[in-house]
Amino acid sequence: MKIRTRFAPSPTGFMHVGNLRTALYEYLTARHANGTFVLRIEDTDQERYVEGAIDVIYDTLKLAGISHDEGPDIGGDFGPYVQSERLSIYKPYAEKLIEEGKAYRCFCSKERLAKVREDAIANGQDSIGYDRHCRDLSQVEIEKNLNYGIPYVIRQKLPLSGETTYHDCVYGDITIPNEDLDDQILLKVDGFPTYNFANVIDDHTMGITHIVRGCEYLSSTPKYNALYEAFGWDIPTYIHLPLIMGKSIDEEGKEVVSKLSKRHGSTGFFDLVNEGYLPQAIINYIALLGWAPSDNKEILTMEELINDFNIESISKSPSVFDYDKLLWMNGEYIKAMSSDEFLSYAKVYYDKFAISSCKYDLLEELLKPRITKFTEIEEKLEFLAKYEEFELSLFEHKKSKSTLETSKQMINEFLPILESIDESNWNRDYLGSKFVDFATEKEIKNALIMWPIRIAAAGVAVTPGGCSEVLVLLGREESLRRINLAKSRLEI
RNA sequence: GGCUCCAUGGUCAAGCGGUUAAGACGGCGCCCUCUCAAGGCGCAAUCAGGAGUUCGAUUCUCCUUGGAGUCACCA
């Protein structure tokens, strides 16, 4: 049997990384087995509808490199793939269950339901669900209510006693007491199906064989199975995924972990992308949240993920989303980039400093090992545009034995040499050799001359690259201007 | 509260009855070095607790504790 999985997001305009990981695992489960991956949009909740939200889903999957074989945009043999276009198919299924005595009309008002729940809570009852008031209404009462036009929902009759066991690929056999199962609503007053109902109908009619979802569904799965059984359908293979958690500090200063949410940092795929995380790095990272390849490799391409992925290695315990590790991984992806790719991301920042293309290669070399996100380029290059009066104490550096006195002397002696170097020789190798020659001749350490020149030119202690590189990035004219300025400040 | 699930360093994790209990992130130290990175080397840090089963438990069973999820006319 060919495996079919589906990703069924709601168009909320926001793609939580937890959802994205579910999508990824669904995709990997299908691809690994040469199966089919289906995209279905669950938009039955009209209140939650957000303009352009479906595009967020498409854009996310595309950027993430998760491609579907069937979906609203590309069609397929099991359409329509948007739930709101499937509305007419659910009601007959629900009515069929009524005919067979497996479901019933419930005329209870929301107020009554709320009261029932309140009382249950007040009495400290374990079960705070529906009291099954309408489950055994007589035919006469039903007719009467129908004639009065009392609105009703359709509920499924679930077993009152015993227990239900099902198998999950990750968690093994799960057994739930049937008395904990509410008579679930299939069709709402407005005639729309509930999520649970539509989900089962859709999954079955779309031939979904493997249901991959978060483990928050673990305890409601027996209800799904009751539906499959009521219709006499095969129960799909279940793969429940451990939750992704976030760590935060509560009011008392204690560390707490809970389901990853905004208070832990950015959790939306595009939020992370906008912060400078690369889509491939995000995918790679979340793939490893709850699963590890047999060889424990950490940097994996999508192709490798597809090959190595196996359901048996999915872990049961929840994992904490670690932004530090994601950041590291992002850096690894940057380091592995080709020059063209690097430039395509970096150029927008280069342009802010009006950097000429002849410096691109040098910048790539300097920046690549120094950034973990492209957004960091701006601060790294800030010294190119800004040169303010800095603390002269920057010239003091213990390791290179640099002091205000030596700095003043070095700059005085070296400035003429720099000034004698013309534009055509103003490059890293030539400048570097001049420093070394100077140091050798004076019998001093390279650092003693390079430190003050770099400080004088950059005006900051930390620069991406050393003295020669800084001078090249600044250019001859600006370098000399700055060093002269520093010189006069040192002489006062 | 009922039900369900989970439990190896700070984090991700390997392990699937016998190991000096991998690896990665982060931390720390050293080397390299004109700064900061990168890179190289190294260090610290884990089987929640208690009973069993067994010649032998991180590994199997039970209990305790802790954590999480779930109990909607939301998806």
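Quick caveat: nothing in here was measured; it's all calculated off a predicted structure. Throughout, protein chains are lettered first and strands after them, A, B, ... in sequence-line order, and every chain is numbered starting at 1. No hydrogens, no waters, no symmetry mates; every other heavy atom, side chains included, goes into these values.
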At under 4.0 Å between heavy atoms, what does [X] touch on the DNA or RNA strands: base, sugar-phosphate, or nothing?
X        : result
A:Ser220 : nothing
A:Val257 : sugar-phosphate
A:Tyr217 : base
A:Thr175 : sugar-phosphate
A:Lys297 : nothing
A:Gly465 : base
A:Lys368 : nothing
A:Met245 : sugar-phosphate

Take A:Tyr285 and A:Cys467, find for each the nucleotide of RNA chain B with the closest heavy atom, and name the residue whose nucleotide sits nearer the 5' end.
A:Tyr285
Nearest nucleotide by nearest heavy atom, which residue falls closer to the 5' end of RNA chain B, A:Glu216 or A:Leu289?
A:Leu289
Please report the distance, rounded to the nearest Å, between [atom1] in [X] and [atom2] in [N].
X        : N     : atom1 : atom2 : answer
A:Asp182 : B:U70 : CG    : C1'   : 12 Å
A:Asp131 : B:C73 : CG    : P     : 12 Å
A:Lys91  : B:C73 : NZ    : C1'   : 15 Å
A:Asn19  : B:C74 : CG    : C1'   : 14 Å

So what's [N] paired with, Watson-Crick or G-U wobble, going by both distances under 3.5 Å?
N     : result
B:U46 : none
B:U35 : none
B:U19 : none
B:C25 : B:G10
B:G1  : B:C71
B:A57 : none

Return the nearest nucleotide to the side chain of [X]; candidates are [options].
X        : options             : result
A:Leu113 : B:C73, B:G39, B:U4  : B:C73
A:Val153 : B:C12, B:C73, B:C6  : B:C73
A:Pro177 : B:C5, B:A14, B:C3   : B:C3
A:Met450 : B:A7, B:A14, B:C34  : B:C34
A:Ser219 : B:G69, B:C74, B:C6  : B:G69
A:Ile174 : B:A38, B:C5, B:G10  : B:C5
A:Thr194 : B:A13, B:U11, B:A75 : B:A75
A:Ala292 : B:A13, B:A75, B:A68 : B:A13
A:Lys110 : B:U35, B:A14, B:C73 : B:C73
A:Arg117 : B:C73, B:A68, B:C34 : B:C73

Tell me yes or no: between the side chains of [X] and [Y], is some donor less than 3.5 Å from an acceptor?
X        : Y        : answer
A:Ser84  : A:Asp43  : yes
A:Thr301 : A:Glu304 : yes
A:Thr372 : A:Asn330 : no

Is the centre of the A:Phe192 ring less than 6.0 Å from the centre of the A:Tyr90 ring?
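Aromatic pair excluded; centres sit 6.0 Å or further apart.
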Centroid-centroid under 6.0 Å between A:Phe342 and A:Tyr360 rings:
no
For A:Pro242 and A:Ser317, which heavy atoms make the closest approach, and how far apart are they?
CB-O, 3.4 Å
A:Ala447 to A:Ser400 - nearest heavy-atom pair and separation:
CB-CB, 3.2 Å
Restricting to salt bridge (Lys or Arg N to Asp or Glu O under 4.0 Å), what partner residues turn up for A:Asp183, sequence neighbours left out?
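Counting only residues at least two positions away or on another chain, A:Asp183 forms a salt bridge (Lys or Arg N to Asp or Glu O under 4.0 Å) with A:Arg132, A:Arg135.
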Salt bridge or not for A:Glu478 and A:Arg482, using N-O below 4.0 Å?
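Salt bridge flag = yes for A:Arg482 with A:Glu478.
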May I ask you to say whether A:Lys316 pairs ionically with A:Asp168, meaning some side-chain N is under 4.0 Å from a carboxylate O?
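Looking at A:Lys316 and A:Asp168, the cut-off is not met.
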Could you measure between the two [atom1] atoms, the one in [N] and the one in [M], and give it in whole Å?
N     : M     : atom1 : result
B:A14 : B:G1  : P     : 32 Å
B:U59 : B:C6  : P     : 15 Å
B:A57 : B:C74 : C1'   : 46 Å
B:G9  : B:C3  : P     : 28 Å
B:A37 : B:C32 : C1'   : 13 Å
B:G2  : B:C63 : P     : 15 Å
B:G10 : B:G27 : C1'   : 9 Å
B:A68 : B:G29 : P     : 35 Å

In B/S/- notation (B base, S sugar-phosphate only, - none; protein heavy atoms under 4.0 Å), nucleotides 23-33 of chain B written 5' to 3' is BBS-------B
Going by number, which of residues 452-464 of chain A have a non-hydrogen atom under 4.0 Å from RNA chain B?
A:Arg454, A:Ala461, A:Val462, A:Thr463
So, is A:Lys316 near the phosphate of B:A68, with a side-chain N or O under 4.0 Å from OP1 or OP2?
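No, no such contact exists.
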Presence of A:Lys259 side-chain N/O under 4.0 Å of B:U70 phosphate oxygens OP1/OP2
yes
Greater than 12 external heavy atoms within 6.0 Å of A:Lys445's NZ
no
Under 6.0 Å from the six-membered ring centre of A:Tyr349 and within 45° of its axis: does the NZ or CZ of A:Lys380 meet both?
no
Scan A:Lys335, A:Arg370, A:Lys359, A:Arg428 and name whichever one has a salt bridge (charged side-chain N to carboxylate O under 4.0 Å, His left out) with A:Glu365.
A:Arg428
